[in-house]
Amino acid sequence: MNIEFDFRTKLLVIVLMMSLVAVLTSDILIYTLLGALSVYLMIQGFGIQTIKYMIVCGVFIVLRMLSGGRGITFLMPEMFLFMVLRIMVMIMAAQPVIGMPPGEVVAVFKKIHAPDGIALPVTFMLRFFPTVRSEFSDVFSSLRLRKLLSWRHPLDAMEYIVTPVIFRSSRIAEELAASAESRGIGNPGKHTCRRKIKFQKRDWIMCVIAVGVTVIYFVLERTAA
């Protein structure tokens, strides 16, 4: 199954998940919310990513249960385990947006008359993060070939990783800015997109479901409190 939602629908889901993460304190509600987000990702064709997220969440849920609310030594205090699961909620909610074509995002923002102060940073962020992830992969491959990655010298390994990524990220940011300008991102006129941008019936259904789930979780949280 691969259902494609409008960017505005995905953005609404992210905002609602941010609201829930800020107020939910019950572990059970967070666990079930992770399950609901898994379904949300699966119907959009993110099967492999969902499995990876569930493995990570499963590991931290087991650690949380084993710790009994006391954390796993000083390396993984309770607050760390508490925060990781909530961060995973945000990452899973943002997964459908990460890597979206920047042209489509710009066209949507122009269509809803969003201020450039919001539209441009979001557009660059969506294009920048996947590129940086690719850069990290290239750096790790290069370091493994040179046998510079070693657990015996973690600080040296960190330096070998961070330094090239910082310099390459700066260069990528400049190239992305130049590319966006050459494509007319600053043009105040109407922007078009190869993909049809339309808020369809499935988007309305998903928005209603997302709002309904959010309200239910808010009610459950207040009841549990």
So do I30 and R86 actually touch side chain to side chain, heavy atoms under 4.5 Å? yes
Distance col, row T214:OG1 vs I209:CD1, nearest 0.5 angstrom, shows 11.5 Å
Between the CZ atom in R222 and the CG atom in L220, the distance rounded to the nearest 0.5 Å is 12.0 Å
**Message:** Between T9 and F5 (side chain of the first, backbone of the second, donor and acceptor by atom type, cut-off under 3.5 Å), is there such a pair?
**Reply:** no
Rounded to the nearest 0.5 angstrom, the CG-CD distance for L41 and Q95 is 6.5 Å
Verify same cluster id: Y40, V215 (apolar side-chain graph, 4.5 Å): yes
Taking C-beta and beyond as the side chain, do V21 and M90 meet within less than 4.5 Å on heavy atoms? yes
Correct closest heavy-atom pair for A94 and I14 would be CA-CD1, 3.9 Å
| Backbone N/O of E4 and side chain of R202: donor-acceptor pair under 3.5 Å | yes
### Query
Shared ILVMFWY cluster between V219 and M17, side chains joined below 4.5 angstrom?
yes
In terms of hydrophobic clustering (I, L, V, M, F, W, Y; side-chain heavy atoms under 4.5 Å; direct or indirect links), are L63 and V56 co-clustered? yes
Checklist entry - Are F7 and I205 linked, directly or through other ILVMFWY residues, by side chains that come within less than 4.5 angstrom of each other? => result yes
Taking the side chain as C-beta and beyond, is there a heavy-atom pair between L20 and L33 under 4.5 Å? yes
d(T223 OG1, F218 CZ) to nearest 0.5 Å is 13.0 Å
*asked:* Less than 4.5 Å apart, side chain to side chain, heavy atoms only: is that true for Y217 and V23?
replied: no
**Q.** I48 vs K52 side-chain heavy atoms within contact, under 4.5 Å
**A.** yes
CD1 (I55) and CD1 (I51) are apart, to the nearest 0.5 Å, by 7.0 Å
Compare all side-chain heavy atoms of K10 with those of M206 and state whether any distance is below 4.5 angstrom. no
State, yes or no, whether a side-chain contact exists between L85 and V89 at a heavy-atom distance under 4.5 Å. no
The reported gap from SG in C57 to CG in L37 (rounded to nearest 0.5 angstrom) is 9.0 Å
*Answer yes if I216 and I28 sit in the same cluster of Ile, Leu, Val, Met, Phe, Trp and Tyr residues linked by side chain heavy atoms under 4.5 Å apart, and no otherwise.*
yes
Checklist entry - Side chains of Y31 and S26: do they bring a donor and an acceptor to under 3.5 Å? => result no
Closest non-hydrogen contact found for M92 with S38 is CE-OG, 3.5 Å
**Prompt:** Are F46 and P96 close enough that some pair of their side-chain heavy atoms sits under 4.5 Å apart?
**Reply:** yes
Is it the case that the side chains of E221 and T25 hold a donor-acceptor pair, with the cut-off being a distance below 3.5 Å and no angle test?
yes
